[in-house]
Amino acid sequence: MLAYLRNEPGAEIVEDALTAPDSHCSAHSINLCEVFYDFFRSAGETEAANAIADLSAVGIRERSDFDRDFWIAAGRIKGTHHRVSLADCCGLTLAIRLGAQFLTTDHRELDAIAASGSYPITFIRSNSTRPESKNPLNLTGLSPFMRSAII
């Protein structure tokens with residue numbers, strides 16, 4: 001979401017996810033909190049609120065899942081993969097729950113998990129050790145339910 005809001009490399013992949021026919025983009029509340037505090041630190045309260053409003057305006061739906069099954073699943077990811085932030089664990093858990101892709105720039109924490117093939121992770125920009133395809137997010141051919149992304 002930060003890459004999209006700041007028009008950084010990878011923003012076009014997020015935009016493709018947002019505009020793909022029949023796609024649905026969601027963000028966990030904790031991931032939106034990360035966006036808010038990042039903008040709050042760098043630009044203040046008004047810009048932080050504007051960033052969240054911009055994400056809502058482009059169709060990103062906030063999900064606040066945190067029932068027992070959810071936090072246990074997120075805790076298992078965190079317990080197994082220590083380097084992954086709890087916020088990313090929540091985003092991954094939400095992606096799994098929704099049958100969606102977790103869009104991220106965070107190779108440092110998530111390369112090892114992505115390499116396992118067990119998690120639905122799509123990197124929106126490349127890493128020198130993990131080059132990306134020209135179109136890493138391909139939502140065509142998926143059922144409408146599966147045309148989802150967790151941003």
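- In terms of the side chain to side chain donor-acceptor pair (under 3.5 Å) criterion, Arg76 has no residue partners (sequence neighbours excluded).
- Partners of Thr19 according to the side chain to side chain donor-acceptor pair (under 3.5 Å) rule, which considers only residues two or more places apart in sequence or in another chain, do not exist here.
- Atom CD1 in Ile77 sits 13.5 Å away from atom NE2 in His82 (nearest 0.5 Å).
- The stretch residues 36-53 participates, sequence neighbours left out, in these side chain to side chain donor-acceptor pair (under 3.5 Å) pairs: Arg6-Asp38.
- By the rule that hydrophobic residues join a cluster once side-chain heavy atoms approach within less than 4.5 Å of another member, Ile72 and Leu86 end up as members of separate clusters.
- Annotation: the span from Phe123 atom CZ to Asp106 atom CG amounts to 7.5 Å, rounded to 0.5 Å.
- Looking at residues two or more places apart in sequence or on another chain, you find a salt bridge (Lys or Arg N to Asp or Glu O under 4.0 Å) between Glu8 and Arg125.
- Other residues, nucleotides and ligands contribute only 12 or fewer heavy atoms inside 6.0 Å of the CD1 atom of Ile30.
- Evaluation of the side chain to side chain contact (heavy atoms under 4.5 Å, CB included) rule for Glu62 yields Ser29, Leu32, Ser64 as partners, not counting sequence neighbours.
- In this view, Ala73 and Thr93 satisfy the side chain to side chain contact (heavy atoms under 4.5 Å, CB included) rule, not counting sequence neighbours.
- In terms of heavy atoms, Cys89 sits closest to Ala74 at CB-O, 3.7 Å.
- Taking Asp67 as the reference, Arg97 meet the side chain to side chain donor-acceptor pair (under 3.5 Å) condition, with sequence neighbours excluded.
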Residues 52-61 side chain polar contacts: donor-acceptor under 3.5 Å, at least two apart:
unit_1, atom_1, unit_2, atom_2, d
Arg61, NH2, His24, ND1, 2.4

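- Between Asn31 and the choices Leu2, Thr104, Asp88, the side chain to side chain contact (heavy atoms under 4.5 Å, CB included) rule is met once, by Asp88.
- Arg83 pairs by the side chain to side chain donor-acceptor pair (under 3.5 Å) definition with nothing, not counting sequence neighbours.
- The minimum heavy-atom distance linking Ala48 with Phe40 is given by the pair CB-N, 3.6 Å.
- The two atoms that bring Pro120 and Ala95 nearest to each other are CG-CB, 4.0 Å, heavy atoms only.
- For Phe70 against Leu94, the heavy-atom pair with the smallest separation is CE1-N, 3.6 Å.
- Of all heavy-atom pairs between His107 and Ser126, the closest is NE2-C, 3.7 Å.
- Atom CZ of residue Arg63 and atom SG of residue Cys90 lie 13.0 Å apart, to the nearest 0.5 angstrom.
- Annotation: ring pair (Phe, Tyr, Trp, His ring centres under 6.0 Å) contacts of Phe39 (sequence neighbours excluded): none.
- Scanning all heavy atoms of the two residues, the minimum distance from Ala3 to Thr105 falls at CB-CG2, 4.3 Å.
- The CD1 atom of Ile113 sits 9.5 Å away from atom OG of Ser118, with the distance rounded to the nearest 0.5 Å.
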Given Leu110 and Tyr119, is the side chain to side chain contact (heavy atoms under 4.5 Å, CB included) satisfied, shown in steps?
CA-CA 10 Å; Leu110 297 171; Tyr119 298 96; over 6 Å; no
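- With hydrogens and angles ignored, the 3.5 Å screen pairs a side-chain donor or acceptor of His28 with a backbone N or O of Asp65.
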